[in-house]
Structures are given as structure tokens and as C-alpha cells.
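What follows is one structure encoded as C-alpha cells, with my remarks underneath.
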2 protein chains.
Amino acid sequence: MAGIESGRRHTRDDVARTALRILDDHGLPDLTMRRLAAALDVQASALYWHFPNKQSLLAELADRIVAGPERVTGPERVAGPEGVADPVAGSGEWTDAVRAEALALRDALLAYRDGAEVVASTLALGLGSRTALDRLTAAVALGGFDEPTARRGATALLHFVLGHVSHEQQRLQYDSIGVLADPADPADAGARAGDASAADFAFGADVFVGGLERLRSGEVSPLRT
Amino acid sequence: MAGIESGRRHTRDDVARTALRILDDHGLPDLTMRRLAAALDVQASALYWHFPNKQSLLAELADRIVAGPERVTGPERVAGPEGVADPVAGSGEWTDAVRAEALALRDALLAYRDGAEVVASTLALGLGSRTALDRLTAAVALGGFDEPTARRGATALLHFVLGHVSHEQQRLQYDSIGVLADPADPADAGARAGDASAADFAFGADVFVGGLERLRSGEVSPLRT
DNA sequence: ACCTGAACACCGTTCAAGT
DNA sequence: ACCTGAACACCGTTCAAGT
């Protein structure tokens with residue numbers, strides 16, 4: 001319980017970091033303003049000097065979650081040996097770039113308990129940065145799609161990712177407390193652990209990328225608007 | 001304010017229907033047990049005779065939302081002129097069936113304010129029926145996929161649908177109160193109304209179906225598990 | 001610049017008791 | 001079978017005031 005929160009007088013960064021710790025240790029339902037204040041040895045009302053309300057606090061957390069741990073390394077993103085997001089990398093490997101971005105986003109969301117829900121709700125309210133969407137859009141755009149199409153594709157993929165990881169994390173949470181409605185259900189059982197989820201995720205991402213590839217090679221009408 | 005809630009002594013169905021009305025009129029945040037009780041001219045504690053807790057009430061609402069208005073018509077689903085879900089309809093039209101199911105689900109979710117969020121959260125907790133997933137799975141299975149693959153595909157599509165409609169409905173809500181973070185943003189502006197959302201949805205569904213089609217014709221490895 | 005103390009207007013849920 | 005009344009243990013947010 002001792003740590004950053006010792007010497008009184010906190011900064012906005014302290015608050016966000018402590019909130020992130022509570023989120024990861026106890027989950028989103030336990031992340032209340034009063035509990036956060038207590039962890040900082042402060043009255044709840046003190047938090048409103050740093051953040052105008054709880055939503056904007058959550059938006060800040062969402063940004064940090066999406067940014068991921070590689071924030072520290074610098075402006076260039078961590079990627080494979082030859083880098084993953086080179087815009088001039090021909091047309092052959094854009095599918096790998098999209099898959100890699102989707103996977104990186106999943107990892108970032110999984111790094112914090114209830115990460116997907118925090119990001120999804122923040123995004124739905126139009127708060128928080130658009131980094132996640134921008135990264136996916138950039139990867140899709142490598143396929144040579146026009147910008148609105150790339151953005152549409154990225155948005156759809158983003159919805160899949162958030163939905164999938166949300167579901168995955170909710171199950172993790174309620175799995176551990178044993179509140180699952182039907183633990184004997186073969187499709188939802190605890191035996192169906194992280195590996196199966198990872199495979200399902202890869203499958204969904206592959207189907208999606210395949211659909212984009214198909215659209216790109218002009219085998220299908222791009223849109224009937 | 002007068003209506004069903006007049007003669008005291010309510011049934012479980014009364015409670016669910018009144019809850020659905022509050023949901024649609026005022027949104028999920030305003031659907032509290034106390035407010036629902038007040039609408040029924042009853043103490044909040046009375047609700048716990050009909051439902052063990054709020055989550056199970058929401059699960060019931062989710063089931064009704066997914067079932068949609070065609071519940072009344074009978075066991076066969078409303079569809080196009082020649083019916084959409086005939087399992088022996090050859091192999092040519094399964095893509096239309098999937099698209100139709102996805103669209104029908106979107107319509108059902110859109111029929112109630114915050115419908116997508118109610119269904120998504122219920123689903124995440126493993127509560128509620130699996131009707132939505134089962135319908136999508138059946139449609140995908142028409143493509144000749146094995147059951148686990150059809151289920152995986154349907155799950156991914158379901159995530160996209162829930163994410164898309166959630167986002168769409170959140171925007172509707174906050175749009176009308178004018179709480180949008182950046183109303184001038186061209187990608188999020190109010191001008192971008194229902195039609196654009198419908199087009200984005202169709203685009204996402206098409207990409208997804210295209211990916212499945214591609215996978216079916218064996219142009220791509222089905223899975224690397 | 002950062003926080004306290006006290007209040008306002010709420011929540012979901014439990015439980016003995018009533019009819 | 002269905003509901004009341006009262007309580008328990010909470011919420012997010014505001015605001016005058018303190019240092």
C-alpha cells in the first residue's frame with residue numbers, strides 16, 4: 001500500500017498511474033473515485049482538481065493502455081526485424097502489417113484488466129485519442145485503398161478487436177470468481193483458455209484481412225452506396 | 001404515465017416490458033431499479049421478487065431485443081420473398097443469408113435505445129440466450145464450413161455487429177445532447193447520420209463475408225493452430 | 001497549486017414483516 | 001404470491017474554505 005502515494009500533493013500523472021494500478025489489480029467496477037482517492041491518501045473531491053470528471057480520467061487511462069509499454073522506446077514502433085509499417089514496402093506484405101497491428105492492439109488491451117472495455121467505452125464517447133484507429137488505418141492503407149475505404153476497413157476491424165478482447169476479458173474476470181452461467185458449456189468452459197481465444201482472434205483477423213484482399217483484387221463490388 | 005402499471009400486483013412480464021420502455025425512452029443509464037420500481041408504483045425491493053438482480057433483468061431485456069418484433073408472427077422468421085435461411089438452398093446464396101442475418105440483428109439492436117450495449121454486456125457475462133450467435137452460425141454454416149469454423153466466423157461477425165451498433169448508438173445518444181468531444185471532426189460530425197452508418201455496416205459485413213468466401217474456396221490456410 | 005469537509009442526490013441489494 | 005419499510009453500504013460531483 002506504500003509507494004508513490006506517500007508525500008501528499010499529487011500530480012495528474014500520479015493519479016492516472018494509481019488508477020491504472022487499481023484497474024489492473026481489482027478491475028473496472030472497483031475503480032471508483034472514492035477508492036482511488038483513498039489509495040492516494042486524499043479526499044475524493046481532490047481528484048476533481050486533476051480531472052474534470054471520471055470519464056476524462058478513463059479517457060486518459062484508455063490512451064495509456066492503447067499506447068502500450070513501448071511508449072518508452074521512442075517514436076518508432078517496435079516491430080519485426082525489418083519493421084512493419086514501412087509505407088513503401090510494396091504491395092505484398094500489407095496483410096502482415098494489418099495482422100500485426102491487430103495483434104499488437106490485442107496485446108495492449110490484454111495488458112490491463114478490463115482494458116478493452118475502458119478503451120471501447122472511451123472511444124464510443126468520442127473521447128481519448130484515435131491512435132488505435134490511426135494505426136490500423138495506416139496498415140490497411142498500405143494495401144493501396146483510398147483513405148475513406150481504409151478507414152472504414154480499420155473501423156470494422158477495430159470493432160472486432162474490441163469486441164473480441166472485451167468478451168475475452170469479461171470471461172477471465174467472471175471465470176475466476178466462478179460466476180459463469182453455465183460452466184459446463186463446451187463453448188464457454190474455463191478449459192477454453194487463452195490459447196483458444198488467441199486462435200479465435202487470429203481466425204477473425206485472418207478472415208477480415210482476406211476480405212480486404214479480395215476487395216482489393218476487384219473480385220467484388222467495393223460498395224453499393 | 002398511466003397504462004399497464006395501474007392495478008398493483010405485477011407479473012415478471014410487466015416488469016420486463018416497463019423496463020424496456022424506460023430503456024427506450026431514457027437510455028440505459030436511466031434504467032435504475034428504483035426508477036423502474038417507481039414506474040410500476042412499487043418499492044424497489046419488490047422487483048427482487050421477479051428478478052434475483054439487475055443483471056438477470058438486463059439478460060431478459062437482451063433476449064427480447066434480440067428476438068425482435070417478429071416474435072409475434074410465429075416460429076418461421078420473416079425474410080425475403082423466398083425465405084432466407086433454407087439449409088438446402090445450394091451453395092450459391094449463403095453469403096446473402098449471412099448478410100441478411102447480420103442486417104436483421106443490426107435492425108433488432110437499433111430498435112431499442114442502447115440495445116447493442118445491453119446485448120453485448122449480457123453476452124459477455126454468459127447470460128441470456130445465444131439466439132443471435134446461433135442464427136449467425138446457421139447462416140455461415142450454409143457455406144459448408146464445419147461447425148467449429150462456422151461458430152468462430154459467426155462469433156467474429158457478432159463482435160463486429162455489436163461493436164458497430166454500440167458505437168452508432170452511443171453517438172446517437174451523445175449527439176442529441178451535444179456532448180460530442182469534437183463536433184467539427186469530419187469523421188464524427190452529426191452530419192454523418194444513419195445512412196453513413198448503414199453504409200459502413202454494409203461495408204464491414206461485406207468484407208467479412210468476402211473473407212469467409214475466400215477461405216471457403218481454399219485460397220488461404222484455414223488456421224494455424 | 002492542491003487539498004479538506006461537508007453536503008447533495010443518488011445507487012443495488014437484503015430482510016423481516018405484512019396481506 | 002407479491003409487496004412494504006427500513007436499513008446497509010455504497011456511488012459521482014459540487015463547493016466554500018483552507019494552506
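For the numbers below, each heavy atom of this structure counts, side chains included, while hydrogens, waters and symmetry mates do not. A, B, ... follow the sequence lines: proteins, then strands. Residue 1 opens every chain. These numbers come from a predicted model, not from an experiment.
- Of the candidates dT13(D), dT14(C), dC15(D), the closest approach to any side-chain atom of Tyr48(B) belongs to dT14(C).
- Side-chain atoms of Ser56(B) come within 3.5 Å of backbone N or O of Asn53(B) as a donor-acceptor pair.
- Closest to the Trp49(A) side chain, of the nucleotides dG5(D), dC2(C), dT13(C), is dC2(C).
- Rounded to an integer number of Å, the gap from Arg34(B) CZ to dC11(D) P is 15 Å.
- For Ser45(A), the listed nucleotide lying nearest its side chain is dC15(D); candidates were dC15(D), dG12(C), dA6(D).
- Across all strands shown, dA6(D) is found opposite dT14(C) as a Watson-Crick or G-U wobble partner, with both distances under 3.5 Å.
- Contact detail for Leu57(A) and Ala16(A): the closest heavy-atom pair is CD2-CA, 4.5 Å.
- Of the listed nucleotides (dG12(D), dA6(C), dC3(D)), dG12(D) has the atom at the smallest distance from the side chain of Lys54(A).
- If you check dT13(C), dC3(C), dT13(D) against the side chain of Ala46(A), the one that comes closest is dC3(C).
- Rounded to a whole Å, the CE atom of Met33(B) is 12 Å from the P atom of dC11(C).
- Set against dA1(D), dC3(C), dG12(D), the side chain of Arg9(B) has dA1(D) as its closest nucleotide.
- When the P atom of dG12(D) is taken as reference, atom CG of Leu36(A) falls 10 Å away, rounded to whole Å.
- Comparing dA1(D), dG12(D), dT4(C) by their closest approach to the side chain of Gln43(A) singles out dT4(C).
- Only one option out of His164(B), Gln170(B), Arg171(B), Gln169(B) pairs with His167(B) in a side chain to side chain donor-acceptor pair (under 3.5 Å); it is Arg171(B).
- dC11(D) atom C1' lies 15 Å from atom CD of Gln55(A), rounded to whole Å.
- For the pair Leu47(B) CG and dC3(D) P, the computed distance is 9 Å after rounding to whole Å.
- Distances from the side chain of Val42(A) to the nucleotides dT4(C), dA1(C), dA1(D) place dT4(C) closest.
- Checked by distance alone, Thr32(B) brings no side-chain donor or acceptor within 3.5 Å of a matching partner on the base of dG12(C).
- Nearest-nucleotide mapping onto DNA chain C: of Ala44(B) and His50(A), the residue sitting toward the 5' end is His50(A).
- Taking a cutoff of 4.0 Å between a charged side-chain nitrogen and a carboxylate oxygen, Asp13(B) and Arg64(B) qualify as a salt bridge.
- With Leu31(B) as the fixed residue, the side chain to side chain contact (heavy atoms under 4.5 Å, CB included) test singles out one of Leu61(B), Asp114(B), Asp25(B), Val118(B): Leu61(B).
- Across the P atoms, dA9(D) and dA9(C) are found 23 Å apart, a figure rounded to whole Å.
- As rounded to the nearest Å, dC3(C) and dA16(D) have C1' atoms that lie 13 Å from one another.
- To the nearest angstrom, P of dT14(C) lies 16 Å from CZ of Phe51(B).
- Rounded to whole Å, the C1' atom of dA17(C) lies 13 Å from the corresponding atom of dC2(D).
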* To do: Evaluate the side-chain contact (heavy atoms from CB on, under 4.5 Å) criterion for residues Asp134(A) and Arg151(A): first the C-alpha distance (whole Å), next the side-chain angles of each, then the deciding distance (0.1 Å), finally the verdict.
  => CA-CA 8 Å; Asp134(A) 289 342; Arg151(A) 202 150 197 94; 3.1 Å; yes
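- Comparing the C1' positions of dC8(D) and dC11(C) gives an interatomic distance of 12 Å, to the nearest angstrom.
- In this entry dT19(C) has dA1(D) as its Watson-Crick or G-U wobble partner, both defining distances falling under 3.5 Å.
- Put simply, CG on Leu57(B) is 10 Å from P on dT13(C), counting in whole angstrom units.
- Ranked by how close their nearest DNA chain D nucleotide is to the 5' end, Pro52(A) and Arg35(A) are led by Arg35(A).
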